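Just so we're clear, the structure is a prediction, and the values are computed from it rather than from any experiment. All ligand and atom numbering here is 1-based and tracks the order in the structure.
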Amino acid sequence: MTILITGGAGFIGSNFIQYMLRKHPEYRIVNVDKLTYAGNLENLEEVEDDPRYSFHEGDICDRPFIVELLHKYRIETLVNFAAESHVDRSIHGASEFVRTNIVGTNVLLEIAKEHKLKKFIQVSTDEVYGSLGAEGKFTETTPIHPNSPYAASKASADMLVLAYHHTFGLPVVITRCSNNYGPYQFPEKLIPLMIANALSDKPLPVYGDGMNVRDWIHVADHCTAIDAVLHHGAIGQVYNIGGNSERANLDLVKLILHHLAKPESLITFVKDRPGHDRRYAIDSSKIQKELGWKPQYSFEQGLKETIGWYQKHQSWWKRILSGEYQQYYKKMYEGR
Ligand code: NAD
Ligand code: TYD
């Protein structure tokens with residue numbers, strides 16, 4: 001099987017490519033990525049000489065380019081990771097989110113329909129469900145209620161994906177996963193940002209009161225879940241994926257400081273994110289029951305390993321921090 005992976009130079013896509021090449025020696029992977037600020041080919045250094053893998057720089061909105069690749073590699077399966085993925089950036093400007101996440105997904109759907117692909121996996125997020133109060137969890141039947149421009153763009157894409165299934169019989173499956181953490185996560189997301197700042201003895205910016213809750217999953221567990229969905233997921237279905245690891249941001253930040261033997265005085269409360277979702281929690285019993293998947297990592301173990309990875313790979317994230325990210329960081333935290 002040859003799989004077209006979009007957005008494979010990002011955090012989850014690069015972990016998925018490495019995982020798939022290890023797990024399925026007979027598969028070939030074609031990676032398409034626009035290499036935005038979040039795309040980093042260093043993430044794929046280990047596989048770049050693998051004859052089963054090829055990389056093609058390009059945009060999922062570029063129809064002729066994608067069609068050419070489908071022909072060239074006789075693609076029948078597509079996993080769409082490509083997206084603008086950071087909520088804070090979507091608050092500063094949503095146009096790229098609409099373009100890549102909605103228009104780009106529609107371009108891929110049109111192509112998949114015309115070329116009769118056998119499977120189209122849309123990698124979505126639990127953020128499409130909106131925010132929870134103190135109790136309850138998102139299930140696949142929870143109504144869609146996105147709050148941030150990022151979540152709205154992902155929800156729009158999900159609606160299009162389901163519409164192509166309903167209207168044209170396109171063989172789609174959607175996954176909705178909770179917050180990922182692990183190796184190669186861009187250091188503007190909570191966990192790598194806090195590790196990097198703590199290692200550099202810089203302030204750790206916690207939004208609002210720090211009591212917003214996220215349900216964390218190790219990226220390796222997300223990869224095994226997508227693998228299960230790709231092979232055994234029922235067409236037209238949505239599968240929630242989660243790691244059963246709810247944590248308030250403040251508790252998580254304290255845990256990171258504790259692991260690194262750094263003082264809690266590094267914590268700095270900053271102005272809250274506008275429209276900040278209070279709590280996410282995911283019920284993943286459907287994928288567990290139907291596909292026999294379950295997460296392998298405990299949060300304690302996963303976080304410990306992740307901190308170790310960022311300690312060991314300081315040159316990876318320091319190169320990122322010295323580049324475009326610096327300007328972004330200044331703009332994002334101005335006035336906070
Ligand atoms: P990321 O930002 O690290 O990677 C996104 C990748 O997409 C980058 O390599 C980027 O260059 C590429 N890209 C962006 N626009 C493109 C375009 N127009 N054409 C081709 N490539 C383009 O994001 P991530 O955290 O790896 O997330 C991957 C997917 O998983 C996204 O669809 C995201 O919505 C979803 N997801 C992420 C999380 C999470 O916690 N990170 C949780 C659930 C779902
Ligand atoms: P993030 O990693 O941006 O993921 P998402 O908003 O998609 O869940 O943020 C995770 C949580 O951490 C979220 O509640 C916002 C909070 N946060 C901070 O408190 N400080 C920060 O500097 C960042 C980036 C996030």
Pull out every atom of ligand 1 sitting under 4.0 Å from any heavy atom of [X], numbered as shown with elements.
X     : answer
Gly39 : 8 (C), 9 (O), 11 (O)
Phe81 : 28 (C), 29 (C), 31 (C), 32 (O)
Gly58 : 19 (N), 20 (C)
Ser85 : 1 (P), 2 (O), 23 (O)
Leu35 : 11 (O)
Thr36 : 10 (C), 11 (O), 14 (C), 15 (N)

Please state whether [X] comes within less than 4.0 angstrom of ligand 1, counting heavy atoms only.
X      : answer
Thr6   : no
Ser124 : yes
Gly8   : no
Gly104 : no

Discussion item. What I want to find out is whether Arg319 reaches Glu42 closely enough, with some N-O distance under 4.0 Å, to be called a salt bridge.
Written reply: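 Yes.
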Worksheet item: Are Glu246 and Arg278 within salt-bridge range, i.e. N to O under 4.0 Å?
Response: no
Before signing off on this row, confirm whether [X] and ligand 1 have an N or O atom pair separated by under 3.5 Å.
X      : answer
Ile60  : yes
Tyr150 : yes
Gly10  : yes
Asn179 : no

Side chain, backbone, both or neither: [X] near ligand 2, heavy atoms under 4.0 Å:
X      : result
Val270 : neither
Glu188 : backbone
Ile191 : neither

Discussion item. Below 30° counts as parallel, above 60° as perpendicular, anything between as tilted: where do the rings of Phe16 and Phe81 land?
Written reply: tilted
Practice prompt. Could you give me the CA-CA distance, side-chain angles and deciding distance for Arg99 and Glu84, then say whether salt bridge (Lys or Arg N to Asp or Glu O under 4.0 Å) is met?
Written response: CA-CA 9 Å; Arg99 193 181 160 279; Glu84 286 293 332; over 6 Å; no
Counting only heavy atoms, tell me which of [options] gets closest to [atom].
atom                    : options                        : result
atom 35 (C) of ligand 1 : Asn40, Val123, Asn43           : Val123
atom 17 (N) of ligand 2 : Tyr280, Phe186, Tyr181, Tyr207 : Tyr207
atom 41 (N) of ligand 1 : Asn15, Asp33, Ile12, Thr105    : Ile12
atom 21 (N) of ligand 1 : Gln185, Lys34, Arg99           : Lys34

Worksheet item: With a 4.0 Å heavy-atom cut-off (strictly under), which part of Lys154 contacts ligand 1: side chain, backbone, both or neither?
Response: side chain
Worksheet item: Does ligand 1 have a heavy atom under 4.0 Å from the side chain of Ser178, from its backbone, from both, or from neither?
Response: backbone
Item to complete: Report the C-alpha separation of Glu96 and Lys34 in whole Å, then their side-chain angles, then the decisive distance to 0.1 Å, and conclude whether the salt bridge (Lys or Arg N to Asp or Glu O under 4.0 Å) test is met.
Response: CA-CA 12 Å; Glu96 274 308 303; Lys34 192 182 168 189; 3.6 Å; yes
Practice prompt. Show your working on ring pair (Phe, Tyr, Trp, His ring centres under 6.0 Å) between Phe299 and Tyr181 and close with a plain yes or no.
Written response: CA-CA 10 Å; Phe299 187 65; Tyr181 67 97; 5.3 Å; yes
Worksheet entry | side-chain hydrogen bond (donor to acceptor under 3.5 Å, both in side chains) between Asn147 and His276, worked out | CA-CA 8 Å; Asn147 290 320; His276 195 175; over 6 Å; no
Discussion item. Against Phe186, only a single residue in Tyr37, Trp316, Trp317 fulfils ring-ring contact (aromatic ring centres under 6.0 Å, His included); can you say which?
Written reply: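 The residue from Tyr37, Trp316, Trp317 that satisfies ring-ring contact (aromatic ring centres under 6.0 Å, His included) with Phe186 turns out to be Tyr37.
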Worksheet item: Does NZ or CZ of Arg214 come closer than 6.0 Å to the centre of the six-membered ring of Tyr280, within 45° of the ring's axis?
Response: yes
Worksheet entry | Min side-chain heavy-atom separation Ile66-Leu4 under 4.5 Å | yes
Discussion item. Are Ile5 and Ile121 linked, directly or through intermediate hydrophobic residues, by side-chain heavy-atom contacts shorter than 4.5 Å (ILVMFWY only)?
Written reply: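 Linked, Ile121 and Ile5 end up in one cluster.
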Item to complete: Examine distances only and state if a side-chain atom of Ser200 and a backbone atom of Lys202 form a donor-acceptor pair shorter than 3.5 Å.
Response: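 No; judged by distance alone, with no hydrogens or angles, the pair does not exist.
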Item to complete: Under the salt bridge (Lys or Arg N to Asp or Glu O under 4.0 Å) rule, what do Asp126 and Arg176 come out as? Steps first, then yes or no, please.
Response: CA-CA 5 Å; Asp126 63 349; Arg176 292 189 181 137; over 6 Å; no
